[in-house]
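Comments concern the structure below.
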Amino acid sequence: MAATTLTLSGRAFASPPETLEARPGTARLAPAEYEPTPIWGYEGGVPGPTLRVKQGGRIDRRFLNALPQSSTVHWHGIRIDNAMDGVPELTQTAVAPGGSFDYAFTAPDAGTYWYHPHNRTWEQLARGLYGALVVEEPDAPDIDRDEVLLIDDWRLTEKAEIAEDFGAMHDWSHGGRIGNWITVNGDGYWASTARQNERLRLRLVNVANARIFSLSLKGLDGWIVALDGQPLETPQRAGRMVVAPAQRIDLIVDVTGEAEASIVSHERNGSYAIATFTVSESAASRRTDPAAPLPPNPLPEIGPLESARRAELLMEGGAMGGMTGAMMGSRSMDMRGLVQQGKVWAFNGRADMPDEPLISAAAGETIRIRIENRTGWPHAMHLHGHHFRKVLEGGALGAHRDTLLMDREEIAEIAFVADNPGDWLLHCHMVEHSAAGMMTWIRVA
Ligand code: C2O
Ligand code: CU
């Protein structure tokens, strides 16, 4: 039931907000011959409920923590009020077991977003705490159906239980917690039906701790219309799609398969259909019009790059990275000392959250950050509260994103308008990496 306001004899009484409870539960991740897997989920399920709101509308949710650990909710990709961003220590105190926190905010941009904890994320996300947040365009695009597909990567034991080896230093220093069981919407064999020549909007969200997915379509043909929630000015043909942790891709596709259509994940050891549509015949003929661009969101215009305020971020560490040490607080530590503290990566020579922001911006300033990945691993760099654009060769700007996949040894530059006041994280979304040192923040006055 939606939160409502009753007006009685001229006085307004607000009813209590709807709740969103994080609690233990079970989910059928694996086939029927296995017991359901014990998980932690919003409302006890995987995924949590899909929250839908019209663009500019409000989300009002009382978060209830029925977990045995403190937690928060982060609304990934929403250009949100800083106090609602859900980052322990930075924007709020983590909610203790049995406690609650009222999240209330407006969603300025239409698109596909998601929510997840921001405390011990490397454990809580891996246990199943995530859900989609869909912000609807004022006028729905011309499609027959809308499907949200949350793609996850679990590490399960032979009994289909979640492996409890959270915090394993080998994962933290390598590619993060990579699993052995892929699900879509909490199902290892996600399946649905479709009619031939139907036009679908598919909202793909990578909710895995660390796995980068490489996807393609079979029996589905169409366009990428948005990345990380933000519409592309010109939709692109959907071919092979790389989706890093936390990234989203919105597709508009026509069902062209005769009997079946699927989303295929290309893994090192083979290619697998992770989501399948059984296609039934229909009288409808194939549409010839390409997907129209989605209406743009009210994002600020990036100012001249030459006069932008600049910062640099050097990423170091990890296995085979050759890092010899980093600062923790006021102490310089060698690798052995860092590992004892659970740290193995560093941003600008520091393995813990710095006291000082990477950058202090005046509201409305254009910022550019040069990021150098001097490690042997790819990373998914996420900025809170803003969307940025990659500065391409010659000064052109890439698509708006909130998470940037960086290749090993890559140097990239991002630019954005710091228009959202508050303290915002900038971190790797391979959540083991951020816990082990890949975390900093910016301040917008
Ligand atoms: Cu999706 Cu800092 O998080
Ligand atoms: Cu990383």
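Quick caveat: nothing in here was measured; it's all calculated off a predicted structure. Order of appearance sets the numbers: ligands from 1, and atoms from 1 within every ligand. The analysis underlying the following values was restricted to heavy atoms, covering all of them including side chains, and did not include hydrogens, waters or symmetry mates.
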Would you mind checking if D165 and R155 are paired as a salt bridge, meaning a charged N to carboxylate O distance below 4.0 Å? yes
Go through the side-chain N and O atoms of S71 and Q69 and say whether any donor and acceptor fall under 3.5 Å apart. no
What is the distance from atom CG of L217 to atom CG of L251, rounded to the nearest 0.5 Å? 6.0 Å
Looking at H379, the N, O or S atom sitting nearest the Cu ion (ligand 2) is ND1
Can you name the N, O or S atom of H427 that is closest to atom 2 (Cu) of ligand 1? NE2
Atom name in H433, limited to N/O/S, at shortest distance from the Cu ion (ligand 2): ND1
Output, in order, the C-alpha distance, side-chain angles, deciding distance and verdict of ring-ring contact (aromatic ring centres under 6.0 Å, His included) for H379 and W345. CA-CA 12 Å; H379 301 285; W345 308 90; 5.0 Å; yes
Cut-off under 2.8 Å, centre atom 1 (Cu) of ligand 1, protein N/O/S atoms: H76 ND1, H116 NE2, H429 NE2
Parallel, tilted or perpendicular for H384 and H74, by the 30°/60° rule? parallel
Do NZ/NE/NH1/NH2 and the carboxylate oxygens of D352 and R350 come within less than 4.0 Å? yes
Could you tabulate the donor-acceptor pairs under 3.5 Å formed by side-chain atoms of residues 90-101, not counting sequence neighbours?
residue: T91; atom: OG1; partner: G86; partner atom: N; Å: 3.3
residue: T91; atom: OG1; partner: V87; partner atom: N; Å: 2.9
residue: T91; atom: OG1; partner: V87; partner atom: O; Å: 3.3
residue: Q92; atom: OE1; partner: Y103; partner atom: OH; Å: 2.6

